[in-house]
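Order of the sequence lines sets the chain letters (A, B, ...), proteins ahead of strands, with each chain counted from 1.
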Amino acid sequence: MKEVTVYVPKDSAALAVGANEVAAALQVQCGDRGLPIRIVRNGSRGLLWLEPLVEVATTGGRVAYGPVTVDDVPGLLDAGLLEGAPHALCQGAVEAIPYLATQERLTFARVGVNDPLSITDYEALDGFSGLRRAATLDSTAIIEEVTNSGLRGRGGAAFPTGIKWKTVRLAEGPQKYVVCNADEGDSGTFSDRMTMEGDPFMLIEGMAITALAAEATEGYIYIRSEYPHAIASMNEAIARAEAAGFLGDDVAGSGKSFRLSVRKAAGAYVCGEETAMLESIEGKRGIVRSKPPLPALQGLFGKPTVINNVITFASVPIILSRGAEFYRDYGVGRSRGTLPLQLAGNIKYGGLIEKAFGVTLRQLIYEYGGGTRSGRPVKAVQVGGPLGAYVPESQWDVPLDYEAYAAMGAAIGHGGIVVHDDTANLSKLARYAMEYCAIESCGKCTPCRIGSTRGVEVIDRITAGGTAVASQSEQVELLRSLCDTMLNGSLCALGAMIPFPVLSALNQYPADFRIVEPAHPRAAS
Amino acid sequence: MAASPVEVDPVTVVLESHRNTPGALLPILHEIQDALGYIPRDAVVRVADAMNLSRAEVHGVVTYYHDFRSEPPARHVVQVCRAEACQSVGAEALIGQVRERLGCAKQERSADGRYSVEPVYCLGLCASGPSLMIDERLHARMTQEKFEQLASRMEKES
C-alpha cells in the first residue's frame, strides 16, 4: 500500500488541545493496522475552533478533519481517514472551507501548509525569492519598493515602514541594528506567534531584506517568554537559514553580512514598547526611554536601529518578490495591503483571518466568527488589545482603516479583536484595564505609575453604589480628568492609551458602572 | 584553590558561556533559573561581579521582570491566563476553581509547597480560552472537568 501523508499541526493552539497525542495515536494505530503513513507537523491554518485539524493528502487534494481527539482516531481510521472518506468530523477539502477560501492571504499564504522548518518547502512556495531579488538591488531601491507598497508598521503605530528604514540608512555610524519586536503581549493577538511557529523563514527573510536596505549587520528578535514554541522554532530556523547561506557573512550572495539572534523576554508587558524593549535587550530593567532621540538614530546600544513588529517584517518578502504595486492594490485609503486579524474571546469560530483593509467588524464577528461561543448576544468588542477601545455596535460597519479608526477614537493596533457576550460587565473590564496598567507600568512617568492605581480606586468608588448621585458624578468627572492626564501626560502608549478602553466602556455602558445620570455631559454639550 | 571538575556549578558555566554576549544579563539570568529553578542571592553577587555591575543593578533586573524568582518554585507551577480574551470565556471562575482545587485559595502557594497558582497575562491562545500552562505545558479550552483530570494526574506523580 502506498504511503499516505497526514498533517497534524504543531502550532501552540493545536498542542494545547492535544495535537501531539493525536499524532502519536495516528502513528501507533496506523502501524497496528499495517497502514503506512508519513506524519508532517505543519503550522496551523488558523481555523482554531477545529484544532487539532488533521489533514490527509489524497489524489483530490488535502481533506481536513477536526477537531480530532485521541478517542476519535479509531473511528476515523475505520471510516477511511486515509482515503479522505466521509466522517462526522470531515470538513471537506481544506482550501474550500469558506473561512479560509474567502481570505486574502498574502503574509499567511504558507502558514499551515507545510513543515515550517523545511527550507525546501519554503522555497517551493516562493520563499526567499524576495531576498534573492533584494540581494541584487542597492539599498535605496529596496527602500523605494517598500515605500511605494504603502506598508505601515503592523505593531500598532502604523508608521510608514519605508520612511523608518530610510532614516536608519541615512544615519551615521558603522554599526546598525535590526530589531524585531515579538513581544506580542496584547490579549487577543496571536498572529506573531503563528508566524514564528508556522513560517519562521518568512520573518528571517523579511529581516534580512531590512538589513540590506538599512545597511545593518546585526539583528535581534525579542520574543516573549510565554511563547516557548516560537522561541524554539526561530532558533532552529535561524540555524538552518545560516547553514543555507541566507544569513551570515554573505546573505543570499549579496556579499553583505547579517547575523540574527533570539532574545527571550522575561514577562514584562511594557517591553513591547520599543524603547523599553531596547533597554531589556541591553540587559537592563525594561524602562521606557524618553524620545527624542529616535531609536532610528540612537537605538540599541546607542546605534541606529530599525525596529518593526513581526508582521511588518513578514509582509516584506512578498513586496520584494511580487513588487510594490501588487501589495498596494489591496486595501483602502492610506491603509494599503492586508492585515492578519485575530478573532478571539467569546467567539464561535475564532481564528486568524487575513483580509485587505476595508473589511468591517460586523463581517468578521458574524460572517466569519458566527457570533459568540456562548450563543448569547454580543455585548462588547474590544479592538487592538488591552489598550484598544470597546467599539460600539453603531461603528461595526466602519471599514477597517487606520485613519477611520483614529477618527472615532479607536485603534486597530495589532489587529486583535476580543468579543464579549452580554454577561460581561464593562466596569469590571475598565477596572481590570487600570489594574493591569498598575501591574505592568514601568514606573518611569507619574501619570501611568500613580494614575493607574488612582484609576482603580475611583472606578471602585463609582461602582460602589449607595453614594449620592452628586458624589458619583463628581467621581465620574474625576475619572475623566485622570484619563485626560494619563492620555496627555504619559511617556508611552501604556499610560496614554489605557484611557481608551476605560472611557469607551464608561461612555457606552454607563449602566454597568451603576450610573443613572447621563454619563458624559461633555459629549452632550 | 581550584574547584574539582565535578563541582563546576551552573552559574560558572553560564557566566563563562556569555563572556562575549552583548547585553548578556537577561540570557544569563534565564539560564541560571533554568538550571537552578530560581536565582539565589549568592548568584546575584557573582553575576554582578562577573559583569562589572553593582549588586543593586542585578537585583533591580531580577525583581523588575515577572519571570525571575528569588525563591525556589513549587513542585508544580500553574499559570492561569486572566487577560481579556480568557476573561470573556470564564477565566475568573476558572482561576477560583484552580486555586481551590490546589489548596491555593488564600495564598499563591499551597501549604505543602507542592503547587503554586499564578496569574499570567496572555499565552497567545486567545481564540481557544480559557487557557493555562502547567510546568510549561499549554492547555486550552479548559473546563473544570478537564482541570480535574490534570490535577489528579499531578497528584499521582508528586
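Heavy-atom pairs under 4.5 Å with chain B peak, among Ala266(A), Gly350(A), Gly267(A), Gly345(A), at Ala266(A). Between chain B and the residues Ser191(A), Gly351(A), Ala265(A), the most heavy-atom pairs under 4.5 angstrom are made by Ala265(A). With respect to chain B, the highest number of heavy-atom pairs below 4.5 Å among Gly385(A), Pro386(A), Ala268(A) belongs to Pro386(A). Among the candidates Lys428(A), Glu282(A), His229(A), Gln342(A), the residue making the largest number of heavy-atom pairs closer than 4.5 Å to chain B is Glu282(A). Residue with the most contacts toward chain A among Met133(B), His30(B), Gln79(B): His30(B) (heavy-atom pairs, distance under 4.5 Å).
Of the two parts of Arg137(B), only the side chain, counted from C-beta on, holds a non-hydrogen atom closer than 4.5 Å to a non-hydrogen atom of chain A. Interface residue Leu48(A): backbone and side-chain heavy atoms are both found under 4.5 Å from chain B. Using a 4.5 Å cut-off between heavy atoms, Val262(A) does not touch chain B at all. Neither the backbone nor the side chain of Ala380(A) comes within contact range of chain B, judged by heavy atoms closer than 4.5 Å. Interface residue Val120(B): only side-chain heavy atoms are found under 4.5 Å from chain A. Of the two parts of Tyr227(A), only the side chain, counted from C-beta on, holds a non-hydrogen atom closer than 4.5 Å to a non-hydrogen atom of chain B. Only the backbone of Lys284(A) comes within contact range of chain B, judged by heavy atoms closer than 4.5 Å. Contact annotation for Ile287(A): both backbone and side-chain heavy atoms come within less than 4.5 Å of a heavy atom of chain B. Neither the backbone nor the side chain of Asp192(A) comes within contact range of chain B; no heavy atoms are under 4.5 Å apart. Both the backbone and the side chain of Ser280(A) come within contact range of chain B, each with at least one heavy atom under 4.5 Å from a heavy atom of that chain. With a 4.5 angstrom heavy-atom cutoff, Glu197(A) does not touch chain B via any of its atoms. Within the 4.5 angstrom heavy-atom criterion, atoms from both the backbone and the side chain of Ile439(A) approach chain B.
At a threshold of 4.5 Å between non-hydrogen side-chain atoms, the residues Pro27(B) and Lys264(A) do not count as touching. Contact annotation: the side chain of Glu51(A) approaches that of Arg141(B) to within less than 4.5 Å [non-hydrogen atoms, C-beta and beyond]. Within the 4.5 Å cutoff, the side chain of Cys442(A) has heavy atoms near those of the Tyr64(B) side chain. Using a 4.5 Å heavy-atom cutoff, the side chains of Arg263(A) and Leu26(B) are not in contact. Residues Pro22(B) and Tyr220(A) are in side-chain contact: their nearest non-hydrogen atoms beyond the backbone lie under 4.5 Å apart. Using a 4.5 Å heavy-atom threshold, the side chains of Tyr269(A) and Tyr121(B) count as separate.
Rounding to the nearest 0.5 angstrom, the gap separating the OG atom in Ser12(A) from the CG atom in Leu125(B) is 6.5 Å. Here the OG atom belonging to Ser88(B) is positioned 10.5 Å from the CD atom belonging to Gln382(A), to the nearest 0.5 angstrom. Atoms CD and SG, from Glu184(A) and Cys126(B) in turn, are 7.5 Å apart once rounded to the nearest 0.5 Å. Distance check: Leu25(B) CG to Arg285(A) CZ gives 12.0 Å after rounding to the nearest 0.5 Å.
Panel note: side chain Ser187(A), backbone Ala85(B); a donor-acceptor pair is recorded below 3.5 Å. In this structure, Ser128(B) contributes its side chain and Ala13(A) its backbone to no donor-acceptor pair below 3.5 Å. The backbone N or O of Gly18(A) lies less than 3.5 Å from no partner atom in the side chain of His139(B), so there is not a single donor-acceptor pair.
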